[in-house]
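See structure below.
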Amino acid sequence: LESERLLRRRNFIRRALIKPQNVEGTNMVDVYVYVLDSWSLVFDGDLASDKGALRVRELNFMGLGHQLTLGFKKGFGTENGTGYTLGYRAPNLYNTYINADISRDVEIDQTYKNTFQVDRNFYSPFTRWAGKIGFTQRYDREDIYLSNNDTTVFEPVKRFEIDVWGGYAIPILKKYQKEEQLPTNLIIAARYAKRQFSEKPDATIDSVSFFANQNFFLGSIGVRHVKYVRDRYVFRNGDIEDIAIGGSYFLYSGYQQNTISGNYYFGASVTLNNYFSDFGYIAGNIEYGSYYSNGDPRQSLFKLQTTYFTPVFSIGKWYFRQFAKLNSVVGIERKNIILDRIDLNGENGIWGFNSPQVYGTRKFVFSLKTQSYVPFNWLGFRMSPFADFDLGCIGHEPKPFFKNTCYTKFGIGFLISNDYFVFENIKLSFFYIPKMPGNNNTLQFRGSNYNTFNLQNYNYQPPHILEYN
């Protein structure tokens, strides 16, 4: 089962089946591997009222299993400009599960991100070691809203980052588990990260040294147990999908050194997820992280995230699922600068919401979605209708969540998939946001392959500083 799952992880393989068969008269076994692959050339993109992007990806370049990505971006109206994406990924080099990546991504405003990395993940509970060596060069324009005079300034920021980590997994509790069960692992990891700025805002804007050069020395220890259940009609239309269930418990600790001072860091996380045939899938993740200076906590952060979806149910020949997600973030003793605040914009808030005037130190976002899966197709294409709703509340401490300002979004659309081509489902959305300060674009149409309800946050994470987003 684990070998089948690893085959299905490859984007260009839709279905996998492994059958052992005894060779008559011998003590040998023939292993038959059956796979159903898809076209490996993929077209997808994003579309909004002010900009769009088209991407072409070859997921099995020259039959090597390598991935080549080419992208073109275009802005419209006030967002006028062009950008591009170039990327090459070589997974599983020489059957070692070591991956190599190199990419350049230029936005329509000519900001860019260049990356090179070599990594190996804990791709299976049987994996004993993992790690990464990565280099990133970024040029951004930070949109900094100045509330004292109600203006937004655009400050250029250029940085270079180094990220190196390694971890080792030790199987434990063997005598309490059956032979066919996936192992429970004790995972120990260490990380070094460096961030150096060559261009940044001056002290009149960054009075608290938010953009100071930094070195991080981090370590983690924890226990992780995971197994997989199979299901259909979750994120794909009819194909077998592997849903991870189990739990993990981790402690993080380290030291941050910057040009001003040094701070110790401590964090903890607990993740639990399970799947019940008569109830559905439920996952929860609780995280805490804080810097400490002279024993006093600073820039503390608490995060809670839960995801739920029902068992699949049918009405006639149509299948349906109900999805729900809750995301809560609480910041305590954050730095006195607008950049050390959170908002409701984008993927970490209400998808489609964009307002520089809405920010705070704590937020609560609840998302609800009803997804259908159509029983018919045209040339393999399926357009499955959905309806979604988002509620986001944001404000400053010490107010309770629901005494802060709340914003809503109502949306309908189609999830486009294809039975033969390998591309992420494309979401075409029409949505209405009744109130969005500083932005009159309350009725929008967008196309994107972003999935609000993905389960990536419940995977293993190396030693890290908890992100405030």
Side-chain angles (χ1 to χ4, degrees), residues 46-53 73 75-81 83 107-113 138-159 197 199-211 299 301 327-331 334-365 367 390-397 399 401 404-409 411 429 431-446 448 450 452 467-469:
D46 302 290
L47 180 64
S49 58
D50 56 353
K51 58 185 175 181
K73 307 173 186 180
F76 315 120
T78 57
E79 295 285 340
N80 190 33
E107 298 293 339
I108 58 177
D109 61 359
Q110 300 308 298
T111 59
Y112 60 81
K113 180 180 179 181
R138 299 186 58 161
Y139 174 66
D140 299 302
R141 290 194 181 118
E142 294 287 351
D143 303 348
I144 304 175
Y145 178 67
L146 304 178
S147 57
N148 55 346
N149 56 8
D150 193 26
T151 59
T152 300
V153 296
F154 304 94
E155 289 291 323
V157 177
K158 187 179 290 186
R159 74 191 81 176
F197 294 91
E199 192 172 348
K200 59 184 179 179
D202 59 32
T204 59
I205 294 177
D206 184 18
S207 60
V208 296
S209 299
F210 186 82
F211 292 99
Q299 290 183 271
L301 175 58
N327 184 28
S328 178
V329 181
V330 178
R334 306 302 300 188
K335 285 190 173 183
N336 187 26
I337 184 173
I338 189 66
L339 292 170
D340 201 25
R341 295 293 181 267
I342 50 178
D343 55 41
L344 292 176
N345 301 340
E347 298 175 0
N348 296 306
I350 299 175
W351 188 76
F353 191 92
N354 185 15
S355 173
Q357 300 177 20
V358 177
Y359 60 90
T361 60
R362 51 179 59 191
K363 69 178 177 182
F364 169 94
V365 180
S367 302
D390 293 276
L391 169 69
C393 303
I394 190 166
H396 298 266
E397 56 182 317
K399 283 186 178 181
F401 278 117
N404 294 305
T405 306
C406 294
Y407 302 87
T408 56
K409 185 193 85 171
S429 297
F431 55 87
Y432 173 62
I433 301 175
K435 182 173 58 175
M436 190 161 44
N439 191 336
N440 296 321
N441 192 18
T442 58
L443 184 63
Q444 299 183 40
F445 164 77
R446 283 199 175 186
S448 172
Y450 173 67
T452 305
E467 289 190 36
Y468 190 41
N469 54 24

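Sequence positions, counted from 1, serve as the residue numbers for this chain. Here the structure is a predicted model, which is why all the values come from computation and not from measurement. All values below come from the heavy atoms of this structure, side chains included, with hydrogens, waters and symmetry mates left out.
Atom-to-atom distance recorded for T408:OG1 and F353:CZ is 9.5 Å, nearest 0.5 angstrom. Between M436 atom CE and Q444 atom CD the span is 5.0 Å, to the nearest 0.5 Å. Here N354 contributes atom CG and I433 contributes atom CD1; the two are 9.0 Å apart, rounded to the nearest 0.5 Å. Atom-to-atom distance recorded for Y139:OH and Q110:CD is 9.5 Å, nearest 0.5 angstrom. Atom CG of L391 sits about 7.0 Å away from atom CD1 of I350, to the nearest 0.5 Å. Atoms CG and CD, on D340 and Q299 in that order, are 5.0 Å from each other to the nearest 0.5 Å.
When all heavy atoms of P437 and Q357 are compared, the pair lying nearest together is CB-OE1, 3.9 Å.
Although no hydrogens or angles enter the test, the distance criterion places no donor-acceptor pair under 3.5 Å between the side chain of T111 and the main chain of R141. Y468 contributes a side-chain N or O that, together with a main-chain N or O of T361, makes up a donor-acceptor pair within less than 3.5 Å. Checking side-chain atoms of N345 against main-chain N and O of S355 turns up a donor-acceptor pair under 3.5 Å. Looking at R334, its side chain never comes within 3.5 Å of a backbone N or O of I342 through a donor-acceptor pair.
Residues K363 and N348 form a side-chain contact, since some pair of their non-hydrogen atoms from C-beta on lies under 4.5 Å apart. Under the 4.5 Å side-chain criterion, counting only non-hydrogen atoms from C-beta, N336 is in contact with R341. Residues N469 and V329 are not in side-chain contact: their nearest non-hydrogen atoms beyond the backbone lie 4.5 Å or more apart. Between T442 and P434 there is no side-chain heavy-atom pair separated by less than 4.5 Å.
Scored by the salt bridge (charged side-chain N to carboxylate O under 4.0 Å, His left out) test, E142 finds R159 as partners (sequence neighbours excluded). Taking S209 as the reference, A212, I260 meet the side-chain contact (heavy atoms from CB on, under 4.5 Å) condition, with sequence neighbours excluded.
Between F431 and W351, the ring planes are tilted. Angles from 30° to 60° get that label.
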Audit row: V358, I394, side chain to side chain contact (heavy atoms under 4.5 Å, CB included) steps and yes/no: CA-CA 8 Å; V358 177; I394 190 166; 3.4 Å; yes

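Few gaps surround CG on D202; more than 12 heavy atoms of other groups in view lie less than 6.0 Å from it. Taking a 6.0 Å sphere around NZ of K73, one finds it holds more than 12 heavy atoms contributed by other residues, nucleotides or ligands. The environment of CD in E199 is crowded: more than 12 heavy-atom neighbours from other residues, nucleotides or ligands sit within 6.0 Å.
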